[in-house]
Amino acid sequence: MIERLTRHPRPLYRLEVNGVDITPRLNGRLISLTLTDNRGLESDSLDITLADHDGLLAIPPRRAAVRLWLGWQDTGLVFKGSYTVDEVEHSGTPDTLSIRARSADLRAGLTRKRERSWHQVSLADIVQTVAQAYSLKPVVDLLLGKLSVPHLDQADESDANLLTRLGAEHDAIASVKAGHLILLPVGAARTASGLALPHVTLTRADGDSHRWLEADREAYTGVRANYHDANSAQRLDAIVGTEDNLKTLRHVYADQHSALEAARSEWRRLQRGQASLNYSLARGRPELSPEQTYSLVGLKPQITDVVWLCSRVIHSLSDSGLITSLELENQLADEADLASLVEGGYTGVLAWYRDADGNQRSVSAGEPDNPKRLTYLYASKRSAERAVQREWERLAIDA
C-alpha cells in the first residue's frame, strides 16, 4: 500500500500475480502504476515501475497473470481487470523494474490472420461464430445484429481486425470484456451484461485540469463510399452529406446498402471528432470506464451545453496520489437522421437533449416539414433550446 501521513483518504491498490497477493512486498517500492482503459479491441495496458534498490525484487515471467484493484481508504477497492505480462525491463542505476501487461480478455487467437468468406449472413451470425471459436459469450445490439451482410471476404485478416472493421462500418464498438464478445453502437453506454452505464456529472471543483479543443482543419461536408453495381459492372458512389468537400473511403463495397452504412458511420465519427475534451480529476475515480457519458458544470458554454462520450480512461498511481484522466468526444443524438442531410430548403430546426431520466427528448423551432437536425446531444432542455434558436436565426439571416 502507499503510506502517507495525511488527514485525507489515501489511495489503495492491490496486485495479484498468478493468484498470489504481492501487495505487501511492494511497500515503499512502487514508483508509478498506470492503467490505460481503451474502448474497442485496442488492448488495455497496465504499466508498473518498481524500485529495486536492494536487488531483492524477483522478475516476473512473461505471460504471468496479473489482477489489479484500485481505490481509496474511505471507499474501498474496485477490481480493474486481469492482464498478462508481455514485457519486462530491469534498468539502473538506480535499479528499477518495469512491467507492462496487456488485457487478458483479448484472446491470442483473435490476432491470428485467417482466410474465409461470409455469404448472406447477419452481423449477429458473424459475431456469434467468432465468439464460439474463443469460448466467448456474444453480446450484440438487437438492431445491429439484424443487419444483413450479403458478402464479406476475410482475406489474410485477423478476427480482431475483422470485428474492428465491421464496427467502423456500422458506427459500433467491438470489444472483449469479462468473457464477452461485444458489438454495440458507439455511445450505447452499456456493460458486457447489457446494463446501462451510469451517466456522470462533473463540476469545476472535480477537475484538476482540462483541455478543450475544437478544430476545423478538414471541414468535410460529407462522405463518399464506392460500391460495385452487379447489374452494370460499374463502380458507383454512395454519398452522405453534401459534395462540397467529400471524404472518400478507400474500401470498395459490394452493394449500395453496405456503402451507405459505411459512409453514414464515418460521417458520425467525423461529427463526434469535431471537438475533444481532456479532463483530469483532482481525485481519481477508479470506477469510471470508457463509453460512459458525461455532463460538465462550471466551464465554458461550448463545454457544458453538450453531453460528452468517453473514449479512454487513464488511471495513474504514484507518490502524487491516484489521478484519473478522461479523453472525451461529442455524444451524438440517437434520433438525428444524419443520412438525409441536405443543405437548403429548411423549414425549421430540430435538436435533442438528455432529460433527468436519461431519455432523449426533442425541441424545435419553425415548421416541422423539413427541419435541419442538429447532431449533438445537448445536456439540458435549456441548452438545446438555445442551440435551436441560434441556428434558426442564422438560417433566417442566410435566407
Side-chain angles (χ1 to χ4, degrees), residues 32-47 68 70 78 80-81 83 100-103 105-106 164 167-168 171-177 182 184-191 197-218 265-266 268-300 302-318 320-332 354 375-379:
S32 66
L33 181 154
T34 301
L35 172 62
T36 302
D37 194 354
N38 301 300
R39 70 181 180 191
L41 287 173
E42 183 180 355
S43 293
D44 300 338
S45 63
L46 174 62
D47 294 273
L68 171 68
L70 289 174
V78 177
K80 297 306 297 177
Y83 304 85
R100 166 162 285 194
R102 305 280 185 178
S103 173
D105 269 324
L106 190 59
T164 300
D171 199 37
I173 294 292
S175 61
V176 178
K177 300 286 185 183
I182 306 164
L184 296 174
V186 175
R190 278 182 274 163
T191 65
L197 290 168
H199 180 78
V200 181
T201 299
L202 298 175
T203 67
R204 183 67 184 256
D206 293 319
D208 184 54
S209 65
H210 74 275
R211 181 174 182 267
W212 174 81
L213 175 65
E214 187 174 57
D216 195 23
R217 299 188 188 94
E218 298 173 312
S265 175
E266 179 63 16
R268 291 181 66 88
R269 189 192 68 79
L270 291 172
Q271 298 300 299
R272 280 193 300 272
Q274 285 187 356
S276 62
L277 176 64
N278 290 355
Y279 206 78
S280 295
L281 303 182
R283 170 175 164 145
R285 293 181 54 176
E287 77 276 11
L288 300 182
S289 62
E291 283 292 284
Q292 284 185 271
T293 55
Y294 290 78
S295 295
L296 282 297
V297 178
L299 299 170
K300 294 293 186 183
Q302 290 87 342
I303 300 174
T304 60
D305 279 355
V306 296
V307 175
W308 294 89
L309 176 65
C310 185
S311 60
R312 175 177 291 151
V313 182
I314 301 173
H315 303 287
S316 302
L317 180 64
S318 68
S320 300
L322 176 59
I323 299 170
T324 297
S325 299
L326 308 170
E327 295 183 12
L328 306 167
E329 61 187 16
N330 290 127
Q331 169 75 314
L332 303 185
R354 184 185 186 278
T375 57
Y376 297 154
L377 178 63
Y378 290 87

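Separating the NE2 atom in His315 from the CD1 atom in Ile323 is a distance of 12.5 Å, to the nearest 0.5 Å. With rounding to the nearest 0.5 Å, the separation of CD1 in Ile314 from CG in Asn38 is 8.0 Å. From Leu328, atom CG reaches atom CD1 of Ile303 across 10.0 Å, with rounding to the nearest 0.5 Å. Note that the CZ atom of Arg354 and the OG atom of Ser295 stand 6.0 Å from one another [nearest 0.5 Å]. Between Asp208 atom CG and Arg283 atom CZ the span is 14.0 Å, to the nearest 0.5 Å. Atom CG of Leu197 sits about 5.0 Å away from atom CD of Gln292, to the nearest 0.5 Å.
Judged as a salt bridge (Lys or Arg N to Asp or Glu O under 4.0 Å), and not counting sequence neighbours, the contacts of Glu327 are Arg312. When the side-chain hydrogen bond (donor to acceptor under 3.5 Å, both in side chains) test is applied to Arg285, the partners found at least two apart in sequence or on another chain are Glu287. When the side-chain hydrogen bond (donor to acceptor under 3.5 Å, both in side chains) test is applied to Ser316, no partner is found at least two apart in sequence or on another chain.
In this structure, Glu214 and Gln302 have side chains that are not in contact, with every pair of non-hydrogen atoms separated by 4.5 Å or more. In this structure, the side chains of His210 and Leu299 come closer than 4.5 Å at one or more pairs of heavy atoms. Inter-residue side-chain proximity for Arg272 and Leu332 is flagged as met; some heavy-atom pair is nearer than 4.5 Å. Under the 4.5 Å side-chain criterion, counting only non-hydrogen atoms from C-beta, Val186 is in contact with Arg39. No side-chain heavy atom of Ile182 sits under 4.5 Å from any side-chain heavy atom of Ile173. Residues Leu202 and Leu281 have side chains in contact (heavy-atom distance under 4.5 Å, counting atoms from C-beta outward). A 4.5 Å side-chain heavy-atom check between Arg102 and Asp44 finds every atom pair outside the cut-off. Ser276 is not listed as a side-chain neighbour of Glu329, based on a closest heavy-atom distance of 4.5 Å or more.
With hydrogens and angles disregarded, a donor-acceptor distance shorter than 3.5 Å links the side chain of Ser265 to the backbone of Asp171.
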Steps toward side-chain contact (heavy atoms from CB on, under 4.5 Å) verdict (Asn330, Trp308) = CA-CA 5 Å; Asn330 290 127; Trp308 294 89; 3.7 Å; yes
Derivation and outcome, side-chain contact (heavy atoms from CB on, under 4.5 Å), residues Leu46 and Lys80 = CA-CA 10 Å; Leu46 174 62; Lys80 297 306 297 177; over 6 Å; no
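Under the side chain to side chain contact (heavy atoms under 4.5 Å, CB included) rule, Leu33 has a single partner from Asp47, Leu322, Leu70, which is Leu70.
Taking every heavy atom of both residues into account, Thr203 and Tyr279 meet most closely at O-OH, 3.0 Å. Listed here is the closest heavy atom pair of Tyr83 and Ala101: CB-CB, 3.6 Å. Residues Ser325 and Ser280 come closest through the heavy atom pair OG-OG, 3.2 Å. Between Cys310 and Leu326, the closest heavy-atom pair is SG-CD2, 4.4 Å. Residue Gly298 comes nearest to Thr304 through the heavy atom pair N-CG2, 3.9 Å, listed as atom of the first residue, atom of the second, then distance. Ser289 approaches Val313 most closely through the heavy-atom pair C-CG2, 3.6 Å.
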